[in-house]
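Single-structure report; data block below.
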Protein chains: 2
Amino acid sequence: MRMTCQRRVILEELRGVCTHPTADQVYEMVRRRLPRVSLATVYRNLETLSDCGIIQKLEMSGTQRRYDGNPATHYHTRCLVCGRVADISVEPCRLLEVPCIDSNGFHIRGHRLEFIGVCRDCREAEGSTDRTEAGPPCIS
Amino acid sequence: MRMTCQRRVILEELRGVCTHPTADQVYEMVRRRLPRVSLATVYRNLETLSDCGIIQKLEMSGTQRRYDGNPATHYHTRCLVCGRVADISVEPCRLLEVPCIDSNGFHIRGHRLEFIGVCRDCREAEGSTDRTEAGPPCIS
DNA sequence: CTCAGTGCAAACGATTTGCAGGGCC
DNA sequence: GGCCCTGCAAATCGTTTGCACTGAG
């Protein structure tokens with residue numbers, strides 16, 4: 001794998017953030033340093049880099065793909081309001097990764113786990129506009 | 001919600017299989033009974049039915065969406081060779097669903113977990129060359 | 001009768017690909 | 001100097017949407 005200028009900048013930019021950007025966000029970041037770069041190049045390099053295990057491709061819950069400069073196994077939380085993705089400090093469940101045969105004949109080789117939640121910003125935005133603020137103490 | 005003919009057939013067909021079909025597979029199934037149905041109608045109804053909690057939308061790792069006629073919470077295994085999806089008999093981890101605030105300020109409301117493996121057919125197809133050993137602890 | 005639901009076609013958005021040059025090793 | 005990599009544009013693919021019409025309640 002050749003370390004071209006584009007590839008290096010993409011990797012540097014991705015490692016420089018903790019936001020798990022989408023391909024077009026990476027494109028915008030890279031474009032500030034390499035104005036003539038193309039989106040296709042960004043896609044191709046993100047693909048190549050994740051194939052090599054240098055970065056991580058995050059594919060879950062039917063949304064736009066995201067990329068993570070940290071190749072180590074760890075889990076993420078996704079905000080169901082704004083889509084933001086953050087790392088979460090849950091230990092990887094190695095138990096679930098022990099190869100085994102399940103009842104349907106599948107040879108299990110791994111798992112994907114992500115958490116769904118609401119980030120602080122979105123909670124504050126929601127909270128200031130509706131129901132939660134005005135309610136009297138709940139006596140249930 | 002009106003129970004139109006299209007909606008009823010889509011639901012019946014989806015409940016009649018355990019293959020977790022994609023929208024176009026549902027379309028083909030429905031088309032055998034309603035030849036003039038449109039793919040857009042299938043998409044719209046699958047959306048409506050899952051919004052109502054009657055069926056489940058499965059949005060898994062970067063592939064085509066799939067649908068499940070069983071609305072109860074359960075996990076799935078996906079074959080990394082052929083993409084087939086099957087139920088897996090792992091108890092939902094209720095522990096992970098207890099609302100809590102993580103270290104990044106996310107209010108966790110749920111999680112998504114899927115298992116990745118190779119189905120029996122694909123193992124046999126690629127198979128005689130490699131690992132046939134029985135795996136240790138089995139999850140299911 | 002009314003309006004949610006339909007079929008059709010066209011739009012859409014994310015990602016991929018064909019191609020003719022350009023530059024890393 | 002070979003050939004991997006690039007930029008550009010167009011293609012692809014799953015999914016969604018605008019519109020006029022239809023049929024369930």
Side-chain angles (χ1 to χ4, degrees), chain A residues 1-14 19-68 78 82-85 114, chain B residues 1-14 19-68 78 82-85 114:
Chain A
M1 187 180 81
R2 289 184 189 169
M3 186 46 67
T4 61
C5 176
Q6 290 89 333
R7 192 161 287 166
R8 186 167 31 76
V9 172
I10 287 169
L11 190 52
E12 285 172 8
E13 289 296 325
L14 189 55
T19 53
H20 311 80
T22 58
D24 54 290
Q25 287 168 342
V26 174
Y27 174 56
E28 287 307 325
M29 289 154 51
V30 170
R31 211 140 74 112
R32 290 200 288 267
R33 293 171 57 183
L34 302 174
R36 296 194 54 76
V37 79
S38 97
L39 180 57
T41 298
V42 172
Y43 269 107
R44 274 186 290 233
N45 278 321
L46 290 171
E47 187 65 22
T48 305
L49 290 167
S50 71
D51 283 349
C52 298
I54 298 173
I55 66 171
Q56 232 182 125
K57 195 168 21 168
L58 306 181
E59 304 189 324
M60 287 207 80
S61 334
T63 52
Q64 215 171 336
R65 200 138 74 203
R66 288 172 175 272
Y67 297 88
D68 189 338
R78 177 190 302 275
C82 69
R84 186 179 308 188
V85 171
E114 77 169 8
Chain B
M1 187 179 82
R2 290 184 188 170
M3 186 47 66
T4 61
C5 176
Q6 291 88 334
R7 191 162 288 166
R8 185 167 31 75
V9 172
I10 288 169
L11 191 51
E12 285 172 10
E13 290 296 325
L14 188 56
T19 54
H20 310 83
T22 58
D24 53 288
Q25 286 167 343
V26 174
Y27 174 56
E28 287 307 326
M29 289 154 51
V30 170
R31 212 139 73 110
R32 291 200 288 266
R33 293 171 58 183
L34 302 174
R36 295 194 53 75
V37 78
S38 97
L39 179 57
T41 296
V42 171
Y43 269 108
R44 274 186 290 232
N45 278 320
L46 290 170
E47 187 66 21
T48 305
L49 291 167
S50 72
D51 283 350
C52 298
I54 298 173
I55 66 171
Q56 231 181 126
K57 194 169 18 169
L58 307 180
E59 305 193 321
M60 322 224 308
S61 339
T63 51
Q64 216 171 336
R65 200 138 74 203
R66 288 172 175 273
Y67 297 88
D68 190 338
R78 194 161 51 83
C82 68
R84 185 180 308 190
V85 172
E114 74 170 12

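Naming: A, B, ... by sequence-line order, numbering from 1 per chain.
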Atom-to-atom span, CE of B:M3 to P of C:dG5 - whole angstrom
10 Å
Should B:R7 be listed as having a side-chain N or O under 4.0 Å from OP1 or OP2 of C:dG5?
yes
Separation of C:dG5 atom P from B:L11 atom CG, nearest Å, is 14 Å
Between B:A23 and A:L34, which residue's closest nucleotide on DNA chain D lies nearer the 5′ terminus?
A:L34
Measure CD/B:Q25 against C1'/D:dT15 and give the value in whole Å, please.
15 Å
Are any of the side-chain heavy atoms of A:Q64 and A:D24 separated by less than 4.5 Å?
yes
Whole Å only: how far is the CZ atom of A:R65 from the P atom of D:dG14?
14 Å
Quickly work out the B:Q6 CD to D:dC21 C1' distance and round it to whole Å.
13 Å
In terms of side-chain heavy atoms of A:Y43, which of C:dT15, C:dC24, C:dG7 is nearest?
C:dT15
Can you check the B:R8 CZ to D:dG23 P distance for me, whole Å?
15 Å
Could you check if a side-chain atom of A:H20 sits within less than 4.5 angstrom of a side-chain atom of A:Q56, using non-hydrogen atoms only?
no
Does this structure show an ion pair linking B:E47 with B:R44, if we count only N-O contacts that are shorter than 4.0 Å?
no
When we call it a touch if two heavy atoms are under 4.0 Å apart, what does A:R44 touch: a base, just sugar-phosphate, or nothing?
base
Answer with base, sugar-phosphate or nothing: what part of the nucleic acid does A:N45 contact at a heavy-atom distance below 4.0 Å?
sugar-phosphate
Under 4.0 angstrom between B:T41 side-chain N/O and C:dG7 OP1 or OP2
yes
Any A:T22 side-chain N or O less than 4.0 Å from OP1/OP2 of C:dA14
no
Polar side chain donor-acceptor pair, A:R78 to A:T63, under 3.5 angstrom
yes
A:D24 atom CG is separated from C:dC12 atom P, nearest whole Å, by 17 Å
Looking for any heavy atom pair under 4.0 Å, which part of the strands does B:E47 touch: base, sugar-phosphate only, or nothing?
nothing
Can you find an N or O donor on one side and an acceptor on the other, under 3.5 Å apart, linking the side chain of A:R2 with the base of D:dC4?
yes
Return the value, rounded to whole Å, for the distance between atom CZ of A:R36 and atom P of C:dG22.
11 Å
Determine whether A:R7 and A:T48 make a side-chain contact, defined as any pair of heavy atoms from C-beta on separated by less than 4.5 Å.
yes
For the side chain of A:A40, counting heavy atoms from C-beta on, which of C:dT17, C:dG7, C:dG5 is nearest?
C:dT17
